[in-house]
Amino acid sequence: MKNDLIVTIFGSTGDLTARKLLPALAKLYKQKTITQNVKVICLGRRDYDTETYLNEMQKLTSKSLDLPHLSKFVEYFKMQITDLTDYQKLNTYIRSISNEHSKHIYYLAIGPEILADVAKNISESKLIEFNNTNQVLVFEKPFGHNLESAVKVNQMLWNYFDEKQIYRIDHYLGKEMIQNLMTLRFANRIFEDTWDSKSIESVKIFVKEEEGILNRAGYYDTSGALKDMVQSHLLQILSLVAMDPPNLYESDYIKDEKVKVIRSLNIDKKSVLFGQYKGYLEELNIPKDSKTETFVYFRVFVNTPRFRGVPFEILTGKKLSQKESYVEISYHKTSEQEKWNLPLHSNKLRILINPKGAVDLSINSKMPGLKDNLEVVHLNFTTTPSVEGNIPEAYEKLLLDIVEGSRTLFTRWDEIEASWHFIDEIKKCPHSLFVYESEHELMEKIN
Ligand SMILES: NC(=O)C1=CN([C@@H]2O[C@H](COP(=O)(O)OP(=O)(O)OC[C@H]3O[C@@H](n4cnc5c(N)ncnc54)[C@H](OP(=O)(O)O)[C@@H]3O)[C@@H](O)[C@H]2O)C=CC1
Ligand SMILES: O=C1O[C@H](COP(=O)(O)O)[C@@H](O)[C@H](O)[C@H]1O
């Protein structure tokens, strides 16, 4: 039988495939969201058949994989992805199961060390032909490790593929509340009219994690929190929070506005704090003298007419008190509040991203009763929590968008280029490495 949709995963024996891609694909298939007649080819150098492969993948994740559904459309294919000669048999196999209209997605769930070889092999073996938008390539971060290396990776990609064929994933963009940011801002008069320095005093973008580095020592120690989280996820959130309205609600117009924000960032050099959790040096495969940061905090200004002078606080770290990500907008007091002799708070809008999606607006209200007391009350809503958890949900959305050719939730090269520019600048700021045992210690240092 010929397949309309063929997803080929490179590096399919890894953590990303086991924990995120397979659960997302299983759910899309089970819910019939992917309606095409789909085949997922999992490439690996290990000597497995499909059944053994799926059982091995189950061992890599604590969550239960939907093996009955996965075994209907997943096929393990043994080959060495760094060896061009092996691509001949892959190409022959893919041709045998596809037709001229089939959509082909090549998903690179591999590290940067073999990225260039694999991309070259995909092109030279003609799995992807330049400009054919039915044949696309998906990349995971890290996209380089600084501006210079990112430029090289990107140039390499552009040598082989057209930009329209390249999907650079940032899974935060697939999270419900991050997708909701533009709707909240631009489809609500109360926010749209007050989304600027006249009304907003400060903004926090905090992404906290309770876990340590788990079993990702090799990758994490060469990266650290700044490159692992800020370069991608936090700067993407910041750009959505601070951007001006796009001329049209279309992918490129939205990205044009996001990139302007990243290019206009002005770091407060004195505010930079790097931390490393106590016990990091004892983690398996971490060098005993590692200086890699697992926590980073800084204040930054967005030098645009809309937000000039408003501090944005950026914080992310591992081994903090709980897993929680949010954007918190603090508003100025009103001029009436200034002259009113009562303890009045300023409004806060908190957009919770993790562990559940929620929006909470705190307002001043008269306390019911005979006295003129005031209290802070909350207007809020929570999105329905997903049974599967947040990451697969994001991957479901992103995979579906790739199938449908929707590019809005993927990053464009100029966004990545601008963000590396900024990250390289932070790296140059003088900073020491504070060893922390608790979030409380870090917060005391910041305040
Ligand atoms: N895991 C995660 O949560 C996230 C990961 N990413 C990114 O996704 C990518 C993959 O990550 P992850 O799955 O965690 O990594 P893993 O190290 O778990 O998996 C890497 C995969 O690449 C294969 N591989 C490595 N070297 C070679 C080689 N020389 N020849 C053939 N195959 C090779 C491995 O095969 P084998 O099993 O045979 O060694 C394995 O299938 C990375 O770029 C990572 O940064 C991005 C966001 C989140
Ligand atoms: O990309 C990454 O994200 C995860 C956090 O993702 P979340 O969806 O669970 O918030 C982080 O743990 C990891 O280090 C990083 O590579």
Side-chain angles (χ1 to χ4, degrees), residues 9-24 42-48 53 56-57 59-61 76-84 86-87 107-119 121 138-145 153 168-178 205-237 285 292-296 316-320 322-326 352-357 386 388-395 397-398:
I9 305 179
F10 295 72
S12 73
T13 49
D15 176 78
L16 179 74
T17 309
R19 286 195 308 115
K20 296 165 193 170
L21 301 182
L22 291 179
C42 293
L43 306 181
R45 54 186 166 173
R46 298 178 187 227
D47 202 9
Y48 294 149
Y53 166 71
E56 289 299 318
M57 288 297 97
K59 289 182 197 162
L60 290 186
T61 167
Y76 182 75
F77 191 96
K78 188 184 171 207
M79 68 176 271
Q80 177 49 273
I81 56 177
T82 51
D83 182 354
L84 180 60
D86 271 17
Y87 281 67
Y107 200 117
L108 303 197
I110 50 174
E113 59 294 342
I114 54 170
L115 186 75
D117 282 349
V118 171
N121 288 344
V138 184
F139 283 92
E140 276 289 347
K141 71 177 225 303
F143 201 80
H145 54 89
V153 173
R168 302 177 191 86
I169 285 221
D170 181 321
H171 79 266
Y172 265 59
L173 295 180
K175 288 182 188 281
E176 268 303 330
M177 264 305 152
I178 295 191
I205 300 176
F206 282 12
V207 178
K208 302 180 193 174
E209 293 187 81
E210 197 178 354
E211 297 277 19
I213 56 165
L214 301 174
N215 54 359
R216 295 172 74 209
Y219 156 71
Y220 196 86
D221 199 57
T222 59
S223 171
L226 187 65
K227 296 181 192 172
D228 184 46
M229 295 296 288
V230 181
Q231 183 269 329
S232 46
H233 311 321
L234 278 92
L235 289 185
Q236 282 295 320
I237 302 174
N285 297 327
T292 300
E293 80 286 356
T294 59
F295 171 90
V296 61
T316 185
K318 295 197 183 280
K319 289 264 176 171
L320 301 181
Q322 57 175 324
K323 185 163 177 66
E324 187 185 42
S325 327
Y326 58 88
L352 192 60
I353 300 159
N354 255 340
K356 58 182 180 189
S386 143
E388 296 281 346
N390 228 332
I391 289 190
E393 223 180 65
Y395 274 91
K397 169 68 180 157
L398 295 172

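Counting starts at 1 for both ligands and their atoms, following the listed order. Everything numeric here is computed off the predicted structure, so don't read it as measured data.
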Does the N or O separation between [X] and ligand 2 drop below 3.5 Å for any pair?
{"X": "His233", "result": "yes"}
{"X": "Tyr219", "result": "no"}
{"X": "Lys141", "result": "yes"}

Mode of Val207 contact toward ligand 2 - side chain, backbone, both, neither (heavy atoms, under 4.0 Å):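 Neither; no heavy atom under 4.0 Å.
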Ligand 2 contact by Glu211, heavy-atom criterion under 4.0 angstrom: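 Glu211: no contact with ligand 2 (<4.0 Å).
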Any donor-acceptor pair under 3.5 Å from [X] side chain to [Y] backbone:
{"X": "Gln80", "Y": "Arg45", "result": "no"}
{"X": "Lys318", "Y": "Ile213", "result": "no"}
{"X": "Asn121", "Y": "Ile81", "result": "yes"}
{"X": "Tyr48", "Y": "Glu56", "result": "no"}
{"X": "Thr316", "Y": "Val207", "result": "yes"}
{"X": "Tyr76", "Y": "Arg46", "result": "yes"}
{"X": "Thr294", "Y": "Gly317", "result": "no"}

Given [options], which one has a non-hydrogen atom that is nearest to [atom]?
{"atom": "atom 27 (C) of ligand 1", "options": "Leu115, Leu60, Ile114", "value": "Ile114"}
{"atom": "atom 10 (C) of ligand 1", "options": "Ala109, Gly218, Ser12, Gly14", "value": "Ala109"}
{"atom": "atom 38 (O) of ligand 1", "options": "Glu56, Lys141, Arg45, Glu140", "value": "Arg45"}

Set of residues satisfying side chain to side chain donor-acceptor pair (under 3.5 Å) with respect to Tyr107, sequence neighbours excluded: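 Scan of Tyr107 (side chain to side chain donor-acceptor pair (under 3.5 Å), adjacent residues dropped) gives Glu140.
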Heavy atoms of other groups near Glu211 CD, more than 12 under 6.0 Å: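 No - once you tally the heavy atoms of other residues, nucleotides and ligands closer than 6.0 Å, there are 12 at most.
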How many angstroms lie between [atom1] in [X] and [atom2] in [Y], if you round to the nearest 0.5 Å?
{"X": "Lys141", "Y": "Arg168", "atom1": "NZ", "atom2": "CZ", "answer": "15.5 Å"}
{"X": "Lys227", "Y": "Thr292", "atom1": "NZ", "atom2": "OG1", "answer": "8.5 Å"}
{"X": "Ile178", "Y": "Asp170", "atom1": "CD1", "atom2": "CG", "answer": "8.0 Å"}

Modelled atom types, side-chain donor and acceptor of Asp117 and Thr82, under 3.5 Å: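 No, no side-chain donor-acceptor contact under 3.5 Å.
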Location of contacts on Thr13 toward ligand 1, heavy atoms closer than 4.0 Å: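 Answer for Thr13: both.
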Proximity to ligand 1 by part of Gln80, non-hydrogen separation under 4.0 Å: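 The part of Gln80 near ligand 1 is the side chain, not the backbone.
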Any idea which atoms of ligand 2 are less than 4.0 Å away from a heavy-atom of [X]?
{"X": "Asp228", "value": "13 (C), 14 (O), 15 (C), 16 (O)"}
{"X": "Met229", "value": "2 (C), 3 (O), 11 (C), 15 (C)"}
{"X": "Arg216", "value": "13 (C), 14 (O), 15 (C), 16 (O)"}
{"X": "Glu209", "value": "5 (C), 11 (C), 12 (O)"}
{"X": "Lys318", "value": "11 (C), 12 (O), 13 (C), 14 (O)"}
{"X": "Lys175", "value": "7 (P), 8 (O), 10 (O)"}

Distance filter under 4.0 Å to Gly111 heavy atoms, resulting ligand 1 atoms: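 This gives 43 (O) as the contact atoms.
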Ligand-side contact atoms (ligand 1) for residue partner Ile110, heavy atom cut-off under 4.0 Å: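 By the 4.0 Å cutoff, the relevant atoms are 9 (C), 10 (C), 22 (O), 42 (C), 43 (O).
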Any N or O on [X] sitting closer than 3.5 Å to an N or O of ligand 1?
{"X": "Gly11", "value": "yes"}
{"X": "Tyr395", "value": "no"}
{"X": "Thr82", "value": "no"}
{"X": "Ile81", "value": "no"}

Lys20 near ligand 1 by a heavy-atom separation under 4.0 Å: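 Lys20 counts as a contact of ligand 1 under the 4.0 Å cut-off.
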4.0 Å heavy-atom contact, Gly44 with ligand 1: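 Distance cut 4.0 Å: Gly44 fails for ligand 1.
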Ring geometry between Tyr326 and Phe206 (parallel below 30°, tilted from 30 to 60°, perpendicular above 60°):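 Rings of Phe206 and Tyr326: tilted, as their planes differ by 30° to 60°.
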